[in-house]
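Report on one structure; see the data block that follows.
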Amino acid sequence: MTRQAVDSLRATSDPRLRDLLTALVRHLHAFARETRLTEAEWERAIGFLTATGQACTDTRQEFILLSDVLGLSMLVEALHGHRAPGATESTVLGPFHQTASPVRELGAGIDLVGDGEPCVISGRVRSTDGTPLPGAVVDVWQADANGFYDVQRPDVQPPGNGRGLFTADAEGRFRFRTCVPSSYPIPVDGPVGTLLRAAGRHPYRPAHIHFIAKADGHIPVTTHVFVAGDAFLDSDAVFAVKDSLVQDFAPTDDPSLARAFGVPNPFRHASFDLVLERA
Ligand code: BEZ
Ligand code: FE
């Protein structure tokens with residue numbers, strides 16, 4: 001049976017596609033043999049995958065979520081996320097980067113609702129040899145203080161809340177105001193939630209801000225910055241934490257600095273560089 005199914009793929013003209021399909025058939029057949037998969041279980045699996053597809057909309061990607069909670073997204077990332085020494089490590093994109101971030105001035109706020117703990121994020125985009133990268137583009141997105149992205153709660157959050165597209169200054173610096181992100185559960189009202197409950201797993205991600213940094217002549221990085229001290233750093237539902245990405249969001253009580261940044265005092269301040277590898 002396996003031989004016939006594999007042989008049926010021999011005429012696939014794209015060699016990479018042929019390899020992928022062949023390996024998929026071999027591994028699926030091995031899975032069914034190893035587990036002695038029953039027809040009822042197979043039907044249930046088809047029902048689960050069908051529901052996963054049906055849960056997808058323009059603003060929800062249940063298949064990415066499934067890949068994330070099974071650790072597949074991080075495995076693929078680890079296989080190909082090459083990193084020169086000193087470059088910022090990458091991590092998962094996640095399912096909430098579907099809308100374009102609004103272009104914002106350096107120093108602007110991305111928290112349009114303003115109900116969280118005020119926070120300033122600043123740093124430099126530079127090359128691994130230390131050269132600053134003026135004009136680098138920094139795309140940022142995060143959940144609000146209640147743990148929801150704008151696309152999840154369009155009735156409560158204006159579009160673009162928690163998002164910004166910034167261009168680094170002549171010294172490669174970036175800066176923006178926001179609220180301290182909170183840990184949040186990934187969406188559990190669909191098939192992925194059913195799977196997590198069946199496995200007795202919690203759905204939480206440690207607090208983080210997403211970044212994509214791009215600069216001419218450099219390899220872009222898709223990453224997060226995690227808030228040090230978060231209770232879920234050791235049990236991220238999507239396995240995406242890397243130690244180098246955990247940053248202190250330092251409590252800061254400095255009225256003149258707060259005035260300069262345009263935030264209420266006291267506030268939290270995270271400062272780090274986004275370091276890109278030459279292409
Ligand atoms: C996120 O951080 O936005 C995310 C990543 C993976 C799954 C769900 C959410
Ligand atoms: Fe996130």
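Please read these numbers as outputs of a predicted model, since none were measured by experiment. Counting starts at 1 for both ligands and their atoms, in listed order.
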- prompt: For K242 and E77, what are the C-alpha separation, side-chain angles and deciding distance, and is it a salt bridge (Lys or Arg N to Asp or Glu O under 4.0 Å)?
  reply: CA-CA 12 Å; K242 294 181 177 176; E77 197 275 334; 3.1 Å; yes
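- The shortest distance between side-chain heavy atoms of R33 and T2 falls below 4.5 Å.
- If you number the atoms of ligand 1 from 1 as listed, the ones under 4.0 Å from a heavy atom of H210 come out as 1 (C), 2 (O), 3 (O).
- Residue contacts with ligand 1 do not include W141, since none of its heavy atoms lies under 4.0 Å from the ligand.
- Seen from the Fe ion (ligand 2), atom NE2 of H208 and atom NE2 of H210 lie 90° apart in angle, a value rounded to 10°.
- Between H208 and V227, the closest side-chain pair of non-hydrogen atoms is not below 4.5 Å.
- For the pair H97 and ligand 1, no heavy-atom separation below 4.0 Å is found.
- Looking at R205, Q142, H224, it is R205 that brings a heavy atom closest to atom 2 (O) of ligand 1.
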task: Report the C-alpha distance between F267 and F249 in whole Å, list the side-chain angles of each, state the deciding distance to 0.1 Å, and finish with yes or no for ring pair (Phe, Tyr, Trp, His ring centres under 6.0 Å).
output: CA-CA 9 Å; F267 61 101; F249 280 54; over 10 Å; no
- request: Would you sort out whether F174 and F166 count as a ring pair (Phe, Tyr, Trp, His ring centres under 6.0 Å), showing the intermediate values?
  value: CA-CA 7 Å; F174 64 90; F166 298 92; 8.2 Å; no
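- Each of the atoms 1 (C), 2 (O), 3 (O) of ligand 1 lies under 4.0 Å from some heavy atom of Y149.
- Geometrically, ligand 1 and D68 share no nitrogen or oxygen pair separated by less than 3.5 Å.
- Counting heavy atoms closer than 4.0 Å to ligand 1, residue I64 contributes nothing at all.
- Closest to atom 4 (C) of ligand 1 among all protein heavy atoms lies P95 CD, 3.4 Å.
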message: For D254 and T252: C-alpha separation, side-chain torsions, deciding distance, then whether side chain to side chain donor-acceptor pair (under 3.5 Å) applies.
response: CA-CA 6 Å; D254 184 334; T252 307; over 6 Å; no
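- Considering only heavy atoms from C-beta on, H269 comes within 4.5 Å of S122 through its side chain.
- Shown are R126, R278, H218; of these, the side-chain contact (heavy atoms from CB on, under 4.5 Å) with T131 is made only by R278.
- Taking every heavy atom of V238 and a limit of under 4.0 angstrom, the matching atoms of ligand 1 come to 6 (C), 7 (C).
- Counting heavy atoms closer than 4.0 Å to ligand 1, residue Y184 contributes side-chain atoms (C-beta onward) but none from N, CA, C or O.
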message: Run the ring pair (Phe, Tyr, Trp, His ring centres under 6.0 Å) test on F96 and H210 for me, step by step, so that the C-alpha distance in whole Å, both residues' side-chain angles and the decisive distance to 0.1 Å come before the verdict.
response: CA-CA 10 Å; F96 293 118; H210 295 258; 8.0 Å; no
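- Residue L65 has at least one heavy-atom neighbour below 4.0 Å for each of these atoms of ligand 1: 7 (C), 8 (C).
- For a distance bound of 2.8 Å, the N, O or S atoms of Q142 include none lying that close to the Fe ion (ligand 2).
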